[in-house]
Protein chains: 4
Amino acid sequence: MSTNQSAAPDVTRRSERSRRAIYEAALALVVEVGYPRTTIEGIASRAGVGKQTIYRWWPSKADVLLEAFLDMGEQAAQAAGQVPYTIPDTGDLAADLRLVLRATVDELRDPAFEAPSRALAAEGVVNEELGRRFVARLLEPQLQLYVDRLRAAQDTGDVRPEVDPRIALELFVSPLAQRWLQYTGPITYDYTDTLVDYALNGLAPR
Amino acid sequence: MSTNQSAAPDVTRRSERSRRAIYEAALALVVEVGYPRTTIEGIASRAGVGKQTIYRWWPSKADVLLEAFLDMGEQAAQAAGQVPYTIPDTGDLAADLRLVLRATVDELRDPAFEAPSRALAAEGVVNEELGRRFVARLLEPQLQLYVDRLRAAQDTGDVRPEVDPRIALELFVSPLAQRWLQYTGPITYDYTDTLVDYALNGLAPR
Amino acid sequence: MSTNQSAAPDVTRRSERSRRAIYEAALALVVEVGYPRTTIEGIASRAGVGKQTIYRWWPSKADVLLEAFLDMGEQAAQAAGQVPYTIPDTGDLAADLRLVLRATVDELRDPAFEAPSRALAAEGVVNEELGRRFVARLLEPQLQLYVDRLRAAQDTGDVRPEVDPRIALELFVSPLAQRWLQYTGPITYDYTDTLVDYALNGLAPR
Amino acid sequence: MSTNQSAAPDVTRRSERSRRAIYEAALALVVEVGYPRTTIEGIASRAGVGKQTIYRWWPSKADVLLEAFLDMGEQAAQAAGQVPYTIPDTGDLAADLRLVLRATVDELRDPAFEAPSRALAAEGVVNEELGRRFVARLLEPQLQLYVDRLRAAQDTGDVRPEVDPRIALELFVSPLAQRWLQYTGPITYDYTDTLVDYALNGLAPR
DNA sequence: TAATAATCGAGACGGTACGTCCGGTCTTTTC
DNA sequence: GAAAAGACCGGACGTACCGTCTCGATTATTA
């Protein structure tokens, strides 16, 4: 008699038009009014979509935003011609790291990026399950690039072989992350250059 | 967002009993049901207090919690006899840092501490004003202790004199912070010991 | 005072079940705890209904009660087989009027009728808009019956032809109304019989 | 230790200044914002008086207004030189009644009189205790004047001796009262003149 | 090509919490 | 000891969203 709400919906019939509209509405609202004032009803109304269409496909506001944000990244990547993303290896480790970190600094200042990623990070701090998903889908792939570059540096002898690259990368990345997340200090090229300087010394052979 | 503070209330007439009850209720609820399900109404009801008594003195749930958390810290400090808090200086910088970071690891695992500070951190990520207040009142005083200890280390020649201690401390502290905030990795004594090892190498004279 | 009626709700989708439950709850509460202590929240809770469902369809507590009361009248009328309501015409005007007024006396003493109609009358005294609606929907139809009967009496020569029946009826009805509304005197069959006696003399041909 | 709130306050120490200010504030507010939006806090604030000063001397908003209204009447009476109030007796009963009723029509239209007396009447409809007090203090004295005049008319043979004046007066007064209270019809000199005409016929000897 | 079935836009529904207002009590200080 | 001031607990106000639930109207297979 009644529709079984718990039965998984039929993905093949899903409206692509609605999905895109929801992504756009979610991202736009987070930028415009902030995450806490972004509501499911607001997203639905702005996307010209029924509320149920959101609840059918996502369990929460945060999940909508996470997918919207990932999609935005993929769109941007495709638009950019999308060389398989890596940290350059010019042979000069310090220079390579400085470059990547400077690029990250730029990204952290782009409002279209900042608003949703801050929202997701905040949600993740208090919601472990989502936090882990956020890390796995967004952060970890980025960090893996550092692991790769540092391993290459170990091969060339620029970094001590017994160093764990997964921990070592945090010396560069985490300070920047904390400054950004918690407003513990200004975020500048100078700052990230200094981080590379200090940290690399600790990793280099003695 | 904030209550109409028409004609600021008379602080001298404030009920100390209510203030304490509100702090306790807020902290208990955050631990028991989590921050998002902690409501002003819930705090008021648990504290046996009218809602207006909360709105009279605090502009938001986050502000209540911030003060409650600060108060908890002060209470704990007083109870502990309250040595003026510093990082020990045994002459062995690495050992001293390892000790403090291990203590921080312990603290991060105490639920009575973890729940409210996570909640405040999360709120701060998305609410810059509160974030800065959180840092100024809670984080920065802690970080200053590292600055002091590192400066002492510069005096004894254990750290290069041109190093900026405010940045250097982030090599130890931020990786731990990020792992905690974002679940990017396990938090253990081994891990913090390793951080001290890697980072100190970068700061030591060559 | 009234809810933001932005985009009037869709009447075809209205829940009949909720509407009935709200009527019953409103009437019951007015009888049980009195009008001033009858609250929208109380009605909603007793009816097992969200507050918004009340605010969506009625602008105020008084409007809920007015409709509930009208509905009660219609229900009662249907149950009673619903002879088209008129004042009897036995040829004896005095007897007919005495009968109707005695019936009104009975009605005014029925608590299920008294509580809500008193509440509505009181509200109407102080709120002209509602007062006029109360009169138009409830009182005026009753008064019209008197007009009809008095006109018939004019045809048979029992009442002077130049008398305005709309005013004449007030000689019978208003004294009773005022005694009821303002507790200015006891309400008995004797009293209404006396009214008919005094007033009819004034209307009869000299 | 604590002040006994239930002990009757010492009337000799009562502040006349506050009493007057409360009367004026209550009447002004009822005229300006209406009875339902007139609050004890509003009266206190406007009168420059503490809330407790009101609660000490009056049990409710309606009681404040009742006394304020009675006081207003007394003030007006004193100002008007105030011969002991009666209905004139020129020998022409109909003329005398027309005159008084026309004066009442004027009074009912004066906003300074209408707002508070409507408020009190409304409250009295739903609150029997106050209603009876309202009648005893305000209405009944007025009605007694009609009783007196009608008795005089019985002495001169203008009214049948077996007529009960307390009921007879309602033929003139109640229709006007109901029109005013319930907006059941326009209130004009013509109307009251007609009432006198119709009703007097019923009371006159046959 | 028509029947069938699921998604869709829309929005009413039972709820919960919001932030405000006011009722009536209590406490402090002033007169 | 009354009065001005106003904090306090309580509770209702009217609003905003939550997540669920119908309701036609598409829309896309399946018969």
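In this text the structure is predicted, and so the values were computed from the model without any measurement. Reminder, nothing fancy here: chain letters follow the sequence lines and each chain counts from 1.
Here C/R19 pairs with C/E16 under the salt bridge (charged side-chain N to carboxylate O under 4.0 Å, His left out) rule; sequence neighbours left out. Looking at residues two or more places apart in sequence or on another chain, you find a ring-ring contact (aromatic ring centres under 6.0 Å, His included) between B/F69 and B/F113. Residues passing the salt bridge (charged side-chain N to carboxylate O under 4.0 Å, His left out) test with B/R118 are B/E114, sequence neighbours excluded. D/E128 pairs by the salt bridge (charged side-chain N to carboxylate O under 4.0 Å, His left out) definition with D/R132, not counting sequence neighbours. In this view, A/E41 and A/K51 satisfy the salt bridge (charged side-chain N to carboxylate O under 4.0 Å, His left out) rule, not counting sequence neighbours.
Near DNA chain E, meaning a heavy atom under 4.0 Å from it, residues 10-40 of chain C has C/D10, C/R13, C/R14, C/S15, C/S18 in order of number.
Scanning atom types as modelled, one donor and one acceptor separated by under 3.5 angstrom connect the side chain of C/Q52 and the base of F/dA16. For C/K51 and E/dG14, a side-chain-to-base donor-acceptor distance below 3.5 Å is absent, hydrogens and geometry of angles not being considered.
When each of F/dC18, E/dC8, F/dT15 is scored by its nearest atom to the side-chain atoms of A/Y55, the top-ranked nucleotide is F/dC18.
The side chain of A/W57 places an N or O atom within less than 4.0 Å of a non-bridging phosphate oxygen (OP1 or OP2) of E/dC8. Phosphate contact (OP1/OP2 of F/dA4, side-chain N/O of D/T53, threshold under 4.0 Å): present.
A cation-pi arrangement is not found for A/R13 relative to A/W57, the charged atom failing to lie both closer than 6.0 Å to the ring centre and inside a 45° cone about the ring normal.
Protein atom CD1 of D/I54 is 13 Å distant from nucleotide atom P of E/dC22, rounded to whole Å. Residue D/E41 contributes atom CD, which lies 13 Å from atom P of E/dT25 at whole-angstrom precision. The nearest whole Å value for the distance from the CD1 atom in B/I43 to the C1' atom in F/dC9 is 16 Å. Atom CZ of D/R56 is separated from atom C1' of E/dG24 by 13 Å (rounded to the nearest Å).
Within the 4.0 angstrom heavy-atom criterion, no nucleotide atom of any strand lies near A/G42.
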